[in-house]
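Chain letters run A, B, ... following the sequence lines, proteins first and then strands; every chain starts at 1. If you're wondering where the values come from, they're calculated on a predicted model, not measured in any experiment.
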Number of protein chains: 2
Amino acid sequence: MIKLIIIDDHPLVADGIATMLKDESYLQIVASAKTGRQGLAILSEYPDCEVILLDINLPDTDGLQLCEQIRQLYPNLKIIGLTSVNEAGIISQMIRRGANGYLLKDMEKEELLHAINRVLDGHVYLSKGANEKILQQLRELDINPHQVPMLTRREKEILSLLDQGLSSQEIASRLSLSIHTIDTHRKNMLQKLNVHNTPALLKAAGKLGLLG
Amino acid sequence: MIKLIIIDDHPLVADGIATMLKDESYLQIVASAKTGRQGLAILSEYPDCEVILLDINLPDTDGLQLCEQIRQLYPNLKIIGLTSVNEAGIISQMIRRGANGYLLKDMEKEELLHAINRVLDGHVYLSKGANEKILQQLRELDINPHQVPMLTRREKEILSLLDQGLSSQEIASRLSLSIHTIDTHRKNMLQKLNVHNTPALLKAAGKLGLLG
DNA sequence: GCCGTTATACCGGATTTCAGGTATTTAACA
DNA sequence: TGTTAAATACCTGAAATCCGGTATAACGGC
């Protein structure tokens with residue numbers, strides 16, 4: 001008997017998944033939570049749980065952070081992320097943060113069962129079509145799929161401030177740095193993401209999941 | 001007996017709503033569709049349908065456009081939008097395009113029933129908390145809630161090109177206009193939305209639903 | 001026919017960004 | 001301990017944006 005936990009704030013989704021799985025006698029949903037906090041509490045109650053279905057768009061916590069947190073606390077737990085959007089950025093971020101799989105909420109019963117079995121066997125399961133979607137988005141940005149550009153900590157920090165509408169000068173003041181430094185970082189990011197102005201930089205970064 | 005139609009690509013959601021309504025004898029779900037195309041077909045089959053629950057994040061069509069289209073075809077039909085995100089832009093756009101109501105997918109049964117009754121009575125029903133969320137977002141942008149700035153057709157066109165990462169010069173070439181004209185439009189938009197650079201303009205416009 | 005709005009175009013000047021560099025210090029790491 | 005990556009800072013010059021104007025033709029509504 002394999003124990004499952006669902007963390008999703010939408011009762012519709014939680015109920016729907018329960019319905020999908022009720023005929024599978026080898027699977028058992030032991031508990032479900034509506035918030036990140038609640039989810040962590042439940043996890044500690046069921047240490048023998050093997051699979052968790054984790055909604056990424058949670059109300060209280062950032063689902064991606066929560067994913068990372070759970071991975072650290074329970075290294076052997078299989079985490080399957082649930083989202084309603086199919087975007088390269090979110091998918092790659094989730095895998096990077098320790099998820100074993102990724103499902104869109106419009107999945108069919110068969111796909112859900114298949115995903116659970118795959119991750120239990122140690123594979124990474126990506127939602128039907130997710131692979132193609134990722135590659136297509138990377139192509140649109142003219143980026144080599146084999147080396148998605150990584151931004152450094154400082155670059156991300158500056159990117160986020162740019163995203164808040166600040167100018168180089170304002171960021172420099174905020175971080176007590178020279179404006180030259182900010183400009184250099186911005187320039188490097190433009191080059192990494194292959195764009196030529198700040199709006200395009202922010203948009204591309206968003207798509208790749210380098211923001212937020 | 002009031003007839004309902006559901007357009008939502010997530011079987012979970014469609015099933016969940018059906019479950020919520022199954023005890024209400026005065027409501028009847030006559031059909032459901034998974035795509036925009038399919039939805040229009042079904043609507044033409046049931047001209048006496050009174051309420052439609054419409055997912056905004058559809059796979060094939062833009063849900064907002066579809067909403068507008070349905071409103072034109074069936075002026076008396078009550079349209080309730082369904083989304084999983086609670087953002088001022090999307091909400092205001094939906095209402096602008098003819099929706100009678102707006103529900104988050106994490107609603108409870110009571111809220112769903114209440115919303116249906118309200119729109120049948122001719123009211124506009126906004127999801128619990130949607131109002132506060134809208135006002136808060138407008139406050140963040142320092143915009144008077146009583147006069148959300150409208151952009152002209154031309155301004156929107158230029159905004160969309162800016163969003164694609166084009167410079168003023170590139171837009172001018174694309175539209176066969178003087179760069180001065182583009183700059184003037186951009187300047188006017190900056191003023192209308194109360195921001196001081198293009199990234200912030202794009203972000204604010206996105207939040208207000210003036211983009212896309 | 002008048003009036004407001006939209007779209008168009010231009011000016012000047014200050015500021016910022018963009019695109020090439022170079023260079024030093026710090027941190028990580030094998 | 002050497003090597004690499006990251007973070008810092010500066011230079012120059014071209015290009016673009018931002019901000020204050022003004023102005024005119026076109027269009028629509030009342």
Under 4.0 angstrom between B/T152 side-chain N/O and C/dT5 OP1 or OP2: no
Donor-acceptor under 3.5 Å (A/N117 side chain, A/L113 main chain): yes
Spacing of A/L193 atom CG relative to C/dC18 atom P, expressed in whole Å: 13 Å
Selected nucleotide, minimal atom distance to A/H180 side chain, candidates C/dC18, C/dT8, D/dC10: D/dC10
Among D/dA7, D/dC19, C/dT17, the nucleotide that comes nearest once only the side chain of A/S168 is considered: C/dT17
Nearest-angstrom distance from the residue atom CG of A/N188 to P of C/dT17: 16 Å
Nucleotide C/dT16, atom P - distance to CG of B/D183 in whole Å: 17 Å
B/D55 side chain to B/I7 backbone, donor-acceptor under 3.5 Å: no
Touch class at under 4.0 angstrom, heavy-atom based, for B/H185 against every strand present: base
Euclidean distance, atom CD1 of residue B/I171 to atom P of D/dA16 [Å, nearest integer]: 12 Å
Salt bridge (Lys or Arg N to Asp or Glu O under 4.0 Å) assessment of A/E155 paired with A/K192: CA-CA 11 Å; A/E155 285 173 339; A/K192 280 186 182 178; 2.8 Å; yes
Given D/dA9, D/dT17, C/dT17, the nucleotide with the shortest approach to the side chain of A/L177: D/dA9
Euclidean distance, atom CD of residue B/Q169 to atom C1' of D/dA16 [Å, nearest integer]: 10 Å
A/T198 side chain near C/dC18 phosphate (N/O to OP1/OP2, under 4.0 Å): yes
Below 4.0 Å: OP1/OP2 of D/dA7 and any side-chain N or O of A/T184: no
Residue whose closest nucleotide on DNA chain C lies nearer the 5' end, B/E155 versus A/S167: B/E155
Donor on one side chain, acceptor on other, A/R154 and A/N188, under 3.5 Å: no
Nearest-angstrom distance from the residue atom CG of A/L175 to P of D/dA9: 10 Å
Between P of D/dT8 and CZ of A/R154, the distance in whole Å: 4 Å
Residue A/T181, side-chain atoms from C-beta onward, closest of C/dC18, D/dT8, C/dA9: D/dT8
Atom-to-atom span, CG of B/L202 to P of D/dC18 - whole angstrom: 10 Å
Close side-chain approach of A/C49 to A/L4, heavy-atom, < 4.5 Å: no
Nearest-nucleotide comparison on DNA chain C, the residue closer to the 5′ end among B/S178 and B/R153: B/R153
